[in-house]
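Below: the structure, in structure tokens.
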Amino acid sequence: MRRVLFLDVDGVLNRWDFDIDQFTQSFVAVRAEKMPLSTMLAFLDPVMVARINLIVRHAACEVVLSSHWRDLVQHRPGRWNDACASLGFGFKVVDFVKQSMQLSRGEGIYQWIVE
């Protein structure tokens, strides 16, 4: 049986004191490929990143990113994986949940599961 962890990092791994305006500007710049993905490291709490690494390692599962952070790499897991070590992630993602205006995040996850 395939073991999959659906990961959403939106706000979950952020530093508690991050500047939302600076975050938004950086997010837009990274998505437009004007800044490297590693720019987002400034907004991540290293303790939270270490915890998610621990969870993934102990769960021995594949990771599917359901986060809006997938937008940062134009929904290409390979690009995410190339840069994930610079963000402190000790795992790679195997896929992204498709984004849709018609589907909630939960519905998108369900659609990924049944496909």
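Side chains are part of it too, since the values below use all heavy atoms of this structure and drop only hydrogens, waters and symmetry mates.
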Does [X] use its side chain to pair, donor to acceptor, with the backbone of [Y] at less than 3.5 Å?
{"X": "D8", "Y": "L65", "result": "no"}
{"X": "R31", "Y": "V73", "result": "no"}
{"X": "N53", "Y": "G88", "result": "yes"}

According to a 4.5 Å side-chain heavy-atom criterion applied to Ile, Leu, Val, Met, Phe, Trp and Tyr, with indirect links allowed, do [X] and [Y] form part of one hydrophobic cluster?
{"X": "I55", "Y": "V93", "result": "yes"}
{"X": "L54", "Y": "L13", "result": "no"}
{"X": "V97", "Y": "I113", "result": "yes"}
{"X": "F96", "Y": "V64", "result": "no"}
{"X": "W80", "Y": "V28", "result": "no"}

Review point. If you count the non-hydrogen atoms of other residues, nucleotides and ligands that lie under 6.0 Å from CZ in R76, is the total more than 12?
Key: yes

Review point. Between R105 and H68, does any side-chain donor sit less than 3.5 Å from a side-chain acceptor?
Key: yes

Exercise for review: Assess whether side-chain contact (heavy atoms from CB on, under 4.5 Å) is satisfied between V12 and M48, documenting all intermediate values.
Suggested key: CA-CA 8 Å; V12 177; M48 296 293 115; over 6 Å; no

Check your understanding: Does F23 reach the side chain of N14, with side-chain heavy atoms less than 4.5 Å apart?
Key -> yes

**Study point:** Atom of P46, atom of R15 and distance for their closest heavy-atom approach
**Key:**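 Between these two residues, the closest heavy atoms are CD-NH1, 3.7 Å.
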
**Study point:** For L7 against F91, the heavy-atom pair lying closest together
**Key:**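 Nearest heavy atoms, L7 then F91: CD2-CZ, 3.5 Å.
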
Exercise for review: Begin from the C-alpha positions of L5 and V56 and carry the test side-chain contact (heavy atoms from CB on, under 4.5 Å) through to its verdict.
Suggested key: CA-CA 8 Å; L5 171 68; V56 171; 3.5 Å; yes

Check your understanding: Can a salt bridge be assigned to the pair E107 and K98 using a cut-off of 4.0 Å between side-chain N and carboxylate O?
Key -> no

Point to revise | side-chain contact (heavy atoms from CB on, under 4.5 Å) evaluation trace for F43 with L41 | key: CA-CA 5 Å; F43 304 103; L41 180 62; over 6 Å; no

**Study point:** Rounded distance [0.5 Å steps], OG in S26 versus CE in M40
**Key:**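 That separation rounds to 6.0 Å.
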
Review point. How many angstroms lie between NZ in K92 and CG in D82, if you round to the nearest 0.5 Å?
Key: 7.0 Å

Practice item. Using side-chain contact (heavy atoms from CB on, under 4.5 Å) as the criterion, point out the one residue from L37, L87, T39 that pairs with L72. Key: L37

Review point. Run the side-chain contact (heavy atoms from CB on, under 4.5 Å) check on V63 and V94 step by step: do they pass?
Key: CA-CA 6 Å; V63 176; V94 296; over 6 Å; no

Review point. Mind checking whether W112 and F6 have parallel, tilted or perpendicular rings, split at 30° and 60°?
Key: perpendicular

